[in-house]
Amino acid sequence: MPRFYFDLVLGMDYLRDDDGHELGSLQAAERDAMHTAGEIARSRLQNGSPEDIRVEVKDEHRQQVLAVTVSIRVDRIEPSHT
């Protein structure tokens, strides 16, 4: 089974996955990356941290094969006085 590494970029922090995970396919790695990004986003939002979250998936040669990014942007709109 191929090994995939899931490095995390949380705002300005970079967390390298040194162990990796054996998964059956790139599609399985993509699902895991989406799930991981969603869980981290949910946790960080509860703590008031709206920074971008990126999961970079790399293959057994440490070559990036895909990335999942969760970004939340708040635009405050001032009411117009017309």
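Worth saying up front: this structure is predicted, and the values here are computed from it rather than measured.
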A.B. asks: I'd like to know whether Phe4 forms a side chain to side chain contact (heavy atoms under 4.5 Å, CB included) with Leu26, so could you lay out the CA-CA distance, the side-chain angles of the two residues, the decisive distance to 0.1 Å, and finally the verdict.
C.D. replies: CA-CA 8 Å; Phe4 294 94; Leu26 180 59; 4.0 Å; yes
A.B. asks: Would you give the length of the straight line joining atom CD of Glu60 to atom CZ of Arg62, rounded to the nearest 0.5 angstrom?
C.D. replies: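 Going from CD on Glu60 over to CZ on Arg62, the span is 11.5 Å.
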A.B. asks: Any side-chain heavy atom of Val55 sitting closer than 4.5 Å to one from Asp7?
C.D. replies: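 A side-chain contact is absent here, since even the closest heavy-atom pair is not under 4.5 Å.
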A.B. asks: Checking Asp18 now: which residues fulfil side-chain hydrogen bond (donor to acceptor under 3.5 Å, both in side chains) with it, not counting sequence neighbours?
C.D. replies: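 Checked Asp18 against side-chain hydrogen bond (donor to acceptor under 3.5 Å, both in side chains); matches are Arg16.
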A.B. asks: Looking only at non-hydrogen atoms, find the nearest pair between Ala41 and Val70 and report the distance.
C.D. replies: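 Where Ala41 meets Val70 most closely, the heavy atoms are CB-CG1, 3.8 Å.
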A.B. asks: Please say yes or no: joined through hydrophobic side-chain contacts below 4.5 Å, possibly via intermediate residues, are Leu15 and Val57 part of one cluster?
C.D. replies: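 Same hydrophobic cluster.
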A.B. asks: Could you pull out the closest heavy-atom pair between Asp17 and Asp19, with the gap in Å?
C.D. replies: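 It is OD1-N, 3.0 Å.
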A.B. asks: Can you list every ring-ring contact (aromatic ring centres under 6.0 Å, His included) pair that touches residues 23-46, not counting sequence neighbours?
C.D. replies: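 Listed by first then second residue: nothing to list.
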A.B. asks: CG/Leu10 to CD1/Ile40 distance, rounded to the nearest 0.5 angstrom?
C.D. replies: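 With rounding to 0.5 Å, CG (Leu10) is 5.5 Å from CD1 (Ile40).
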A.B. asks: Is a donor on one side and an acceptor on the other found under 3.5 Å between the side chain of Asp52 and the backbone of Gly11?
C.D. replies: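 No; zero donor-acceptor contacts below 3.5 Å.
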A.B. asks: Quick one: side chain to side chain contact (heavy atoms under 4.5 Å, CB included) partners of Glu78, sequence neighbours excluded?
C.D. replies: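 Applying side chain to side chain contact (heavy atoms under 4.5 Å, CB included) to Glu78 gives none.
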A.B. asks: Identify whether Val9 and Val65 are in the same connected component of the hydrophobic contact network (ILVMFWY, side-chain heavy atoms under 4.5 Å).
C.D. replies: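 The answer is no; the residues belong to distinct hydrophobic clusters.
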A.B. asks: Filter on ring-ring contact (aromatic ring centres under 6.0 Å, His included), then keep only pairs touching residues 12-34, sequence neighbours left out; what's left?
C.D. replies: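 Non-adjacent pairs meeting ring-ring contact (aromatic ring centres under 6.0 Å, His included): Phe6-His21.
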A.B. asks: Name all residues meeting the side-chain hydrogen bond (donor to acceptor under 3.5 Å, both in side chains) criterion together with Thr69; count only those two or more places apart in sequence or in a different chain, and write none if there are none.
C.D. replies: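 side-chain hydrogen bond (donor to acceptor under 3.5 Å, both in side chains) check on Thr69 returns Arg54.
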A.B. asks: Could you grab the distance from atom CG of Asp13 to atom CD1 of Ile53, nearest 0.5 Å is fine?
C.D. replies: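 Reported value, rounded in 0.5 Å steps: 11.5 Å.
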A.B. asks: I need the His61 NE2 to Tyr5 OH distance, nearest 0.5 Å.
C.D. replies: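 One finds 10.0 Å between NE2 of His61 and OH of Tyr5.
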A.B. asks: Which pairs count as salt bridge (charged side-chain N to carboxylate O under 4.0 Å, His left out) when at least one residue sits in residues 22-41, sequence neighbours excluded?
C.D. replies: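 Output for this query lists Arg3-Glu22, Glu39-Arg42.
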